[in-house]
K.L.:
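Next up is a structure, given as structure tokens.
All heavy atoms count here, side chains included; hydrogens, waters and symmetry mates do not.
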Amino acid sequence: MIHSLHVETKLLSEELCALLRQVDPAVFVFRDEPEVRARVDRVVSRLRALVVATEREDAGGALERLRERLRALLAAVERATPARTPSPKAAWIAFQREVQPAYESLALTLRGVIAAPPSVRPTNHARSLWHVGSGLAVLGLVQLLPERAWLVAVSGAFAATAWSLEVARRMSERANERLMRFFRLIAHPHERYRVNSATWYMTALLLLALFATRQTQSVGVVVLAVADPAAALIGRRFGRTRLLEGRSLEGTLAFVAAGALSAFVVLSALGPAPLAARLFLAAVAGLAGAATELFSSRLDDNFTIPLAVAAAVTVAG
């Protein structure tokens, strides 16, 4: 019985995941509102049934946590659903913003018990700009710092600070709340419960500083900085052909194009290599980054993409 409750909760979560993606500000249009409201009604009905089902069972702490998460999610959906029809786009954006943390909390509860639905990453232009800007800043450091020891020291300091904050967040809910509030403009809701993407990025930078050449570091950093936001933008706006983990063919192709172009610019700026060699390495970088993003389900792609791109360019070059 408990297993069937987890299975049914996972199926419900997949429906809610689709709903949250449908009301994303990058894709939501008013003509979709009747479908959205019908989906909300289905989610609420299934949530109420699951809450009742969990209340009939008495299986200890694990089921109690699931019951609490379901109740919190039901309350969030009922509280956030716009009362009138038609509702302005801002009302559905607010719905997504309020419901998603409860969804991510439920998904966290399912992990380790059953295959959980993916995290929802809503459109966040401030985060995308931060992503590009921080990547270009790191690219500047890679080029300007005089030797590898400096790169290791600076990236090591960044990584140590990031992991120290992660420890503080796990030890204190108050610290976690304050950090999430401080970074609210650029943080995804699921990062409240998981290691922050920036922490994984700092860890990747340290590994690159230790083992990669200056050129491959630069290519790995710039591909992540430019291609990842480009893929997210195109995938949310135009993605129709679904691949893995909610990613789309259109977004993946955008990653390849943006990654290859940005890698070519960096390779051209760093040295007088033959045009054919630069084009080949740029294509390798774009393809490696896109493939890594597509298959990064358990590890954060801010960690895997720069490492995979640097490794692919090293082998190909």
Side-chain angles (χ1 to χ4, degrees), residues 26 121-144 151 155 158 185-188 196-205 207-209 212-239 243 245 247-271 273 275 277-296 299-314 316-317:
R121 300 188 178 189
T123 298
N124 186 333
H125 297 304
R127 183 184 176 98
S128 296
L129 290 174
W130 172 262
H131 204 284
V132 175
S134 60
L136 295 179
V138 170
L139 179 62
L141 284 175
V142 170
Q143 297 304 313
L144 294 175
L151 287 170
S155 58
F158 284 150
L185 293 179
I186 58 174
H188 281 318
N196 191 281
S197 293
T199 302
W200 288 117
Y201 181 47
M202 299 302 174
T203 307
L205 293 180
L207 293 174
L208 289 173
T213 66
R214 198 177 295 262
Q215 183 187 62
T216 55
Q217 287 180 68
S218 300
V219 174
V221 165
V222 78
V223 167
L224 176 67
V226 176
D228 198 28
L233 179 66
I234 297 300
R236 290 191 184 101
R237 185 67 183 86
F238 302 105
L243 300 176
E245 296 294 325
R247 294 181 172 91
S248 67
L249 175 62
E250 294 81 359
T252 299
L253 292 176
F255 192 111
V256 173
L261 179 60
S262 59
F264 178 77
V265 170
V266 167
L267 290 168
S268 298
L270 292 182
L275 176 61
R278 282 178 279 147
L279 289 172
F280 173 68
L281 290 177
V284 167
L287 289 168
T292 303
E293 185 204 34
L294 190 60
F295 291 101
S296 291
L299 288 176
D300 194 286
D301 58 14
N302 288 273
F303 176 76
T304 57
I305 289 173
L307 296 178
V309 170
V313 171
T314 299

K.L.:
Answer yes or no: is there a side-chain heavy-atom contact under 4.5 Å between Leu224 and His131?
P.N.:
yes
K.L.:
Can you measure from OG (Ser197) to CE (Met202) and round to the nearest 0.5 angstrom?
P.N.:
11.0 Å
K.L.:
Can a donor-acceptor pair be found between the side chains of Gln143 and Ser218 at a distance below 3.5 Å?
P.N.:
yes
K.L.:
Tell me, do Tyr201 and Val138 make a side-chain contact under 4.5 Å, heavy atoms counted?
P.N.:
yes
K.L.:
Is there a donor-acceptor contact under 3.5 Å from the side chain of Thr216 to the main chain of Ala212?
P.N.:
no
K.L.:
Between CG of Leu294 and OG1 of Thr252, what distance do you get to the nearest 0.5 Å?
P.N.:
5.0 Å
K.L.:
To the nearest 0.5 angstrom, please state how far the CG atom of Leu307 sits from the CG atom of Asp301.
P.N.:
11.5 Å
K.L.:
Roughly how far, to the nearest 0.5 Å, is the CZ atom of Phe303 from the CG atom of Leu207?
P.N.:
5.5 Å
K.L.:
Counting only heavy atoms from other residues, nucleotides and ligands, does the tally under 6.0 Å from CZ of Phe158 exceed 12?
P.N.:
no
K.L.:
I would like to know whether Gln217 and Leu151 meet side chain to side chain contact (heavy atoms under 4.5 Å, CB included); could you show each step before the answer?
P.N.:
CA-CA 11 Å; Gln217 287 180 68; Leu151 287 170; 3.7 Å; yes
K.L.:
Is the shortest side-chain heavy-atom distance between Leu208 and Pro306 below 4.5 Å?
P.N.:
yes
K.L.:
Decide yes or no for Leu275 and Phe264: does some side-chain heavy atom of the first lie under 4.5 Å from some side-chain heavy atom of the second?
P.N.:
yes
